[in-house]
Amino acid sequence: METTDWKAHLFKVDVPGLKKEEVKVKVEDGGILQISGERSKEKNDKWHRVERSSGKFVRRFRLPENAKVEQVKAAMENGVLKEEVKKPEVKAIDISAMGAEKGKKQRSEEVEEERNGADVVDVELVQTIEKLQSIQDDLDKINEEASEKVLELEQQYNVIRKPVYDKRNDVIKSIPDFWLTAFMSHPALSELLTEEDQKIFKYLDNLEVEDFKDVKSGYSITFMFKPNPHFEDAKLTKTFSFLEEGVTKITATNIKWKEGMGIPNGVSEEKKGNKRSLADESFFSWFTESEFKGDMYEINDEVADIIKDELWSNPLTFFNNEAEEDMDEDDEGLPFILVFDLHMFSMNSCRTALLILKEYRGTWVEFAVLRLDIHSLLNLSPLLNNGDEEGKKKAKEVIKEACSECGFFQIRNHGVPLDLINQAIQLSRTFFALSDQEKLQYSPRSAAPLPAGYSKQPAHSPDKNEYLLMFQPLSGANVLPPHFRDVAEELFLQLREIGRLIEQIVNDCLGLPPDFLKEYNLDRSWDFMVALRYFPATENDNNGLLQHEDGNVVTLVIQDEVGGLEVKKEGQWIPVVPAQGNIVVNLGDVVQVLSNNKFKSGTHRVVRLGERCRHSFAFFYTIEGDKWVAPLPELTEEAAKYRGFVYKEYQAMRMRNKTHPPARPEDAITISHYAISD
Ligand SMILES: O=C(O)CCC(=O)C(=O)O
Ligand SMILES: [Fe+2]
């Protein structure tokens with residue numbers, strides 16, 4: 001969703017590829033605007049299929065409290081559904097009725113009604129908008145025509161490409177193990193081949209991806225093998241046919257395995273005992289999945305998409321390992337911060353990932369998504385409970401290292417949509433760009449337990465930033481700009497889930513009983529999030545936020561591309577270089593105390609780097625104010641390094657420190673306030 005104009009309440013919802021009839025809009029009691037629809041599988045838009053998904057969607061937005069809903073206009077323009085919310089009354093809107101003729105009539109009636117009522121409507125404006133609508137309708141028609149033409153062109157070019165692909169295949173055949181090497185060099189595909197599969201891939205002679213003639217109704221992927229001891233077939237094909245209503249029919253060659261060779265050595269039709277997992281893991285089990293898929297489409301052809309769009313379109317990149325080299329260049333000079341893929345924890349192939357992680361230990365490691373069989377955050381939790389024990393052990397070692405050495409790491413592929421992250425940053429930019437007078441309308445109503453709303457660091461503070469602080473949605477404490485609210489609340493909830501996950505990982509890495517921290521920290525009401533804006537550097541001053549540790553449990557930071565966040569490790573400041581979509585994770589004082597210094601509350605600061613403002617979001621996964629914090633007996637083999645304290649007292653002291661800066665830096669309250677000296 002893109003919210004463009006605070007005052008006019010204009011919601012823009014990106015629904016590419018959807019027809020008016022496929023989208024429903026209604027206003028529920030309580031001022032909730034709901035937009036729902038069903039995206040059917042795209043057929044004639046081959047190029048965008050990868051970015052778009054099919055299936056149902058529902059988006060709900062809270063309408064501004066002070067806005068009475070009289071009129072909600074909905075129109076589809078170039079795949080963007082626009083909702084214009086004006087004043088009270090309308091309860092449900094049929095978007096298809098907004099088409100040319102009906103729409104005109106309806107709007108004229110509205111004009112009549114409004115004339116009779118108290119409001120005066122600008123008739124000229126209404127007419128101009130009608131004109132605009134009809135131009136838009138013309139554009140829609142042209143766009144449809146354009147799609148048809150592009151499709152025709154693509155069909156023509158497929159014919160032109162064919163002999164070139166054939167020539168490419170001839171050349172590839174002369175390179176020993178070309179496809180095996182390319183597969184194994186691809187970050188995602190390599191994870192799909194077991195050792196047995198790799199033996200079979202040595203006989204893979206040729207690969208072919210072919211669109212159906214009309215391009216739009218499907219494609220097939222064919223693997224051609226030299227005679228081999230594994231199966232009789234010379235060709236294995238998987239075909240995706242796009243049927244009506246978003247259903248994809250998937251068919252595959254039923255492999256004729258030679259005696260005892262069934263799905264790489266694990267199979268057997270009967271699926272016996274421990275052989276089962278071998279069969280499940282084998283790439284060749286991909287050929288046995290042939291059934292009708294509807295909404296499951298996305299999940300099931302992920303591998304096909306990768307083969308088609310990456311491997312087939314340019315296998316040389318992977319054969320030469322160019323993709324990896326690019327990554328290494330970026331990685332230079334960024335020690336200590338680990339970037340890792342939470343997907344890896346939930347995979348059987350986790351071990352490989354961890355070996356890479358270990359090999360590059362101490363450098364910036366970015367994992368490509370290794371295997372996309374895990375799609376939701378919820379599914380990440382098995383990492384802590386079951387699965388590959390060896391891999392889990394290694395994973396723990398690596399995380400433990402990050403947590404005990406600097407208390408910082410980054411995560412990718414965490415499930416928080418990139419779109420949401422980008423929108424949040426964008427909306428934050430829009431908010432902070434408002435005049436002081438406008439921003440001050442969102443000043444906190446109360447400072448307890450923290451000032452929810454907009455605040456700027458006081459002039460005497462060395463920190464040069466302003467921020468908008470919020471508690472959990474529906475907390476009643478939030479003072480938020482109406483259009484910022486939807487996105488911010490959604491981000492809040494998503495980050496809270498990541499907070500829970502990290503807490504669980506920390507729990508496990510500390511060797512605590514399962515769910516120990518979760519049960520200790522059930523109450524989420526003290527969690528809060530701040531949107532921050534740091535001002536540009538000046539000639540004499542580049543401090544954005546002084547060196548500190550966070551007082552809470554775990555902090556999650558999203559930063560824009562400007563940079564400036566730095567982590568202290570062994571006395572050195574290491575920049576946390578921004579990468580789109582990354583979430584920076586740092587542990588806070590509560591973990592340091594509970595773990596009796598086993599894990600470190602990360603020391604960090606923000607410097608102002610240049611002429612641009614920096615925007616970030618920091619989500620503070622916290623504990624409830626009355627909670628008692630003290631080293632856990634389970635982790636206190638040595639003497640306790642802290643005396644216990646009530647969390648809210650510590651937080652209040654830290655806040656006071658901020659608002660009434662201590663005369664001497666050593667009077668600043670940090671966790672050392674509770675430290676027991678030996
Ligand atoms: O803006 C950032 O990157 C970090 C903010 C931060 O460290 C904090 O608010 O405690
Ligand atoms: Fe911080």
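Worth knowing before you read on, the calculation uses all heavy atoms, side chains too, and leaves out hydrogens, waters and symmetry mates. Order of listing sets the numbers, starting from 1, for every ligand and every atom in it.
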Spell out, as yes or no, whether a donor-acceptor pair under 3.5 Å connects the side chain of [X] to the backbone of [Y].
X      : Y      : answer
Thr622 : Phe620 : yes
Lys627 : Val646 : no
Asn507 : Leu517 : yes

Within the 6.0 Å centroid threshold, strictly below: Tyr467 and Tyr454: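 For Tyr467 and Tyr454, the ring centres are not under 6.0 Å apart.
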
Are Tyr642 and Tyr674 close enough that their ring centres sit under 6.0 Å apart?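 Not under 6.0 Å, so no.
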
For the Fe ion (ligand 2), find the closest N/O/S atom on [X] and give its atom name.
X      : value
His548 : NE2
His604 : NE2
Asp550 : OD1

Once the angle between the rings of Phe516 and Tyr520 is folded into 0 to 90°, is it parallel (under 30°), tilted (30 to 60°) or perpendicular (over 60°)?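 Judged by the thresholds at 30° and 60°, the geometry between Phe516 and Tyr520 is parallel.
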
Which protein N or O atoms sit under 3.5 Å from any N or O of ligand 1? Give atom names and distances.
from, atom 1, to, atom 2, distance (Å)
ligand 1, 1 (O), Tyr534, OH, 2.6
ligand 1, 1 (O), Arg614, NH1, 3.0
ligand 1, 1 (O), Ser616, OG, 2.7
ligand 1, 3 (O), Arg614, NH1, 3.2
ligand 1, 3 (O), Arg614, NH2, 2.8
ligand 1, 7 (O), His548, NE2, 3.2
ligand 1, 7 (O), His604, NE2, 2.9
ligand 1, 10 (O), His548, NE2, 3.0
ligand 1, 10 (O), Asp550, OD1, 3.1

May I ask you to check whether over 12 heavy atoms, not counting those of Arg445, lie within 6.0 Å of atom CZ?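 For Arg445, atom CZ is not crowded (no more than 12 foreign heavy atoms under 6.0 Å).
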
